[in-house]
A.B. asks: 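The structure that follows is given in the form of structure tokens.
In the text below, chain A, chain B and the rest are named by the order of the sequence lines, each starting its count at 1.
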Amino acid sequence: MTRYEFEQIDKKWQDIWDEKQAFRAEDFSPKPKYFTLVEFPYPSGQGLHIGHPRPYTAMDIISRKKRMQGYNVLFPMGWDAFGLPTENYAIKTKTNPEIITERNINHFREQIKSLGLSFDWSREVNTTDPDYYKWTQWIFLQLYRHGLAYKKEMTVNFCTSCKIVLANEEVVNGRCERCGGEVVHKVKSQWMLKITAYAQRLIDDLADLDFLPRVKTQEINWIGRSEGAEVDFPTSSGDKVTVYTTRPDTIFGATYMVMSPEHALIQKWLDAGLIKNADEVKAYQAEAAKKSDFERTEMVDKEKTGVCLDGVSATDPISGADIPIFISDYVLATYGTGAIMAVPAHDTRDWDFAKKFNLPIIEVIKGGDVEKGAYTDVAEGTLVNSGFLDGMSVAEAKRAIIDKMEEMGIGHSKVNFKLRDWVFSRQRYWGEPVPMVSCEKCGWVPVPEDQLPVRLPPVEHYEPTDDGESPLSKLTDWVNTTCPRCGGPAKRETDTMPNWAGSSWYFLRYCDPHNDKALADPEKLKYWMPVDWYNGGMEHVTLHLLYSRFWAKFLYDIDIVPTKEPYLKRTAHGMILGENGEKMSKSRGNVINPDDIVSQYGADTLRLYEMFIGDFEKSAPWSPDAVRGCKRFLDRTAAMQMLIKGKGSSSKKIESGLHKAIKKVTEDIDSMKFNTAIAALMALENDIYDQGSLTIDEYMTFITLLNPFAPHITEELWADLGGEGLLSLAKWPEYDESKAADEEITYAVQVNGKLRGTVNMPAGIEKDDALAAAKADDRIKGYLDGKTIVKEIFVPGRLISFVVK
RNA sequence: GCGGGUAUGGCGGAAUUGGCAGACGCGCAAGAUUUAGGAUCUUGUGUUUUCACGUGCAGGUUCGAUCCCUGUUACCCGCACCA
């Protein structure tokens, strides 16, 4: 073979690897284990996107190299197959989603297999398989038993287009993350998961993990921890209002209080007739309730609105000052206590509000001009107008005031999180049924574990009902059941789980995918877990990644899994954009189909190009021309065998080049710098062509280094030239520093910081000899003649620099 | 507004304890070969006629700055009234 004959060899080697089960991970092997993970895809009807192979190939390269380095590698693949697009397609075509899913999976599997990825296909999982979702339901029951799943009547985000309830994480700029539809608030009874109970640990345990810094910061910001205090303010009604503040030190500057329009006490005061301007207050409440999330987002930076309560006021418990109470939608009911003390001098939002409503602004921290704007610096400035706090720094005052409040019994320090509990119910068909039964006498009763899985029953219509209930609710035969506790009449839960459920634990199932007694054998989990390296998209950091860490931590707490964190290392890939630099989409007409590239240039070309396209972490535009450059490189690699002469080493230059390449490729794979690893191999190949010959041993090493990137062509060449066994299972080359050393090094010579020439010198040259040689160089001489050398700098292996006067 | 990031030829991108800027690939140009070629091979390719100038912009530190410091501009991503 003198070029990459992909038409003949791609399929051939894929079949051989399959047949020999070359990439099968072995439970309990004495070799060191290595668990590499890619995010399993949602098998959509569109088939594989050109973006999919990028992370898959990257992790395949890492897995293949690890395998060749003697590791027992677990590199699995599966299907995250519950979800809305399938359900919507089912509605449109009146086809069973199960059938659509099977068809899509088969198509995806075939496409993925055509890329020659070294997955252990014997461990394939599918979230929609009852043998799989039995355990998703089982985990839900454990969460329920431990008080971490609860049903709650609450305001939820509802996508008007998908007709589905969304988790907070699924609402983007007030719109549906998936379809962009408008999100409104609805009050519904929902299953919730208490992820907030793990908020602190989800932050703390990041410290020991090898996650990209931006992944860590994004998770930390999303969880949104803040330290402050809760303080009780007495009111003229006799009720106390508790506020949350991160700036208790500024309490002497509190000139009014703001409560969210939804605050329970407002309703109480209205009912008791304490509020004289009740009509105005009610009107404001109604208006606030009407606003969708999108409108509310739009409100940011717009003028503040609100209504002052006439008839109820509050008292500052420290200063004793009487202050008015407002309601305003800039205070959220869902964060803190739903009420704040407003300190306009030192909070921008309060300042805006105070200016609009002509409220007093009292400076309590010196350092700014509070008539011009809020002074919010906490690092500098001292307390003024604050009684016993005067003269203290912000940090000192915080401590002092909290001590005082605790002493008085009116407040205490408090940590709050932005993270909310996870809305876990969906009123849809294509998801795992929530395994709960509602009994008139016993309330919510879990389905006994021996009755799992609660299978999705066949239905005739997949549309959600007009009242927003799941299609399952129409199946009276299925809904009506008996209570597992008392045997009386009961109804099944008709909500299903969100598509994040099955993906929250799939990596565990890979360790033991066919177990029907447990979600996985504890011994196998102990052997394989944690995942050593997990690569995925940045878009999943506050969704899937956080959810699955939560589940893994819970399962660790109840002794199901052996590690407190599921993933040791997390990296993220960039997107592949269209040729025009825009995101690929049908409407833009810039979509590239991976099948076309594979059939036109071969799988190895696609793999190589996606790795060569640019920095793995960044997005990069597709270039059809550059794809051909990669094909050319592979063709030249095959043709290079015509240059083979003899054994051993052909020249010092190629020997050292080869060893440098071993080092470079090995290190670059470990740091995901695939583009420079490939560039190094291309440069070496150019050097070999320049020399005109190489030995069989050198050639074999070269194709071994290339194998993780281009497994088909290198496997074929290896076999052609009499290589033993499969190249994919051969030994990774060892780097030998002594062989990588050059005999001669080109030194750069500078005079007064400017490059004036280069001089070749023996590798081990001493400083004095090097300086003498540089001074003797004709070109350099010209710059030194007639000048005094005031400084001589020698950087071994790199440069010589003269400073002259 | 807050948090994170980026800025280098015609294009994608290289270059780290500060040491030859532009590796590698694409594109382009000339030539060879070919019936032909979106094939292959060879050579050249940052700008400039020269001096010289060049890593978003303006300064600074240094013998020496894409890299460190100060200021500034543009763009991208995430969050967004979280008290």
A.B. asks: Taking salt bridge (charged side-chain N to carboxylate O under 4.0 Å, His left out) as the test, write out the residues that go with Arg636(A), two or more places apart.
C.D. replies: Glu685(A)
A.B. asks: Residues in side chain to side chain donor-acceptor pair (under 3.5 Å) with Asn752(A), at least two apart?
C.D. replies: none
A.B. asks: Any Lys/Arg nitrogen of Lys631(A) or Asp635(A) sitting under 4.0 Å from an Asp/Glu carboxylate oxygen of the other?
C.D. replies: yes
A.B. asks: Under the rule for side chain to side chain donor-acceptor pair (under 3.5 Å), what residues qualify as partners of Lys775(A), not counting sequence neighbours?
C.D. replies: Glu792(A)
A.B. asks: Suppose you measure atom C1' in C53(B) against the same atom in C79(B); what distance do you get, rounded to whole Å?
C.D. replies: 44 Å
A.B. asks: Does Asp615(A) reach a base, just sugar-phosphate, or nothing at all? Heavy atoms under 4.0 Å.
C.D. replies: sugar-phosphate
A.B. asks: Determine if the base of G10(B) is syn or anti; take syn to mean the glycosidic torsion is within 90° of 0.
C.D. replies: anti
A.B. asks: Got a sec, which residues hit salt bridge (charged side-chain N to carboxylate O under 4.0 Å, His left out) with Asp596(A), two or more places apart in sequence or on another chain?
C.D. replies: none
A.B. asks: Report the residues that fulfil salt bridge (charged side-chain N to carboxylate O under 4.0 Å, His left out) with Asp350(A), sequence neighbours left out, ordered by chain and then residue number.
C.D. replies: none
A.B. asks: Within 45° of the six-membered ring axis of Phe353(A) and under 6.0 Å from that ring's centre, is NZ or CZ of Lys304(A) located there?
C.D. replies: no
A.B. asks: Does Tyr330(A) make a side-chain N or O approach to OP1 or OP2 of A83(B) shorter than 4.0 Å?
C.D. replies: no
A.B. asks: Stems involving RNA chain B: give each as a range paired with a range, ordered by first number, where a stem means at least three consecutive Watson-Crick or G-U wobble pairs under 3.5 Å.
C.D. replies: B:1-7 with B:73-79, B:10-12 with B:24-26, B:27-32 with B:40-45, B:56-60 with B:68-72
A.B. asks: Using a heavy-atom cut-off of under 4.0 Å over every strand shown, decide if Ser801(A) touches base, sugar-phosphate, or nothing.
C.D. replies: base
A.B. asks: Got more than 12 heavy atoms from elsewhere within 6.0 Å of CZ, Arg3(A)?
C.D. replies: yes
A.B. asks: Output a table of nitrogen or oxygen pairs between the protein and nucleotides 20-23 of chain B separated by less than 3.5 Å.
C.D. replies:
| from | atom 1 | to | atom 2 | distance (Å) |
| --- | --- | --- | --- | --- |
| C20(B) | N4 | Thr746(A) | O | 3.4 |

A.B. asks: What parts of residues 219-228 of chain A reach RNA chain B, counting only heavy atoms under 4.0 Å away?
C.D. replies: Asn221(A), Trp222(A), Ser226(A)
A.B. asks: Any N/O pairs under 3.5 Å between the protein and nucleotides 38-45 of chain B? List them or say none.
C.D. replies:
| from | atom 1 | to | atom 2 | distance (Å) |
| --- | --- | --- | --- | --- |
| G38(B) | N2 | Arg628(A) | NH2 | 2.6 |
| U40(B) | OP1 | Arg632(A) | NE | 3.2 |

A.B. asks: Salt bridge check: are Lys418(A) and Glu219(A) linked by an N-O gap of less than 4.0 Å?
C.D. replies: no
A.B. asks: It should be established whether Lys673(A) places a side-chain nitrogen or oxygen under 4.0 Å from OP1 or OP2 of nucleotide A15(B).
C.D. replies: yes
A.B. asks: If the condition is salt bridge (charged side-chain N to carboxylate O under 4.0 Å, His left out), which residues does Glu667(A) pass it with, not counting sequence neighbours?
C.D. replies: Lys663(A)
A.B. asks: Is any N or O donor-acceptor pair between the side chain of Lys304(A) and the base of C81(B) shorter than 3.5 Å?
C.D. replies: yes
A.B. asks: Just checking Gly336(A): base, sugar-phosphate only, or nothing, at a heavy-atom cut-off of under 4.0 Å?
C.D. replies: nothing
A.B. asks: In whole angstrom, give me the gap between the P atoms of C69(B) and U6(B).
C.D. replies: 13 Å
A.B. asks: Donor-acceptor pair, Asp249(A) side chain versus Ala397(A) backbone, under 3.5 Å?
C.D. replies: no
A.B. asks: Between Glu617(A) and Lys673(A), does at least one N-O distance fall below 4.0 Å, as a salt bridge requires?
C.D. replies: no
A.B. asks: Sequence neighbours left out, what passes side chain to side chain donor-acceptor pair (under 3.5 Å) with Lys414(A)? Give chain and number order.
C.D. replies: none
A.B. asks: Taking only N/O atoms, report every protein-nucleotides 5-8 of chain B pair under 3.5 Å with atom names and distance.
C.D. replies:
none

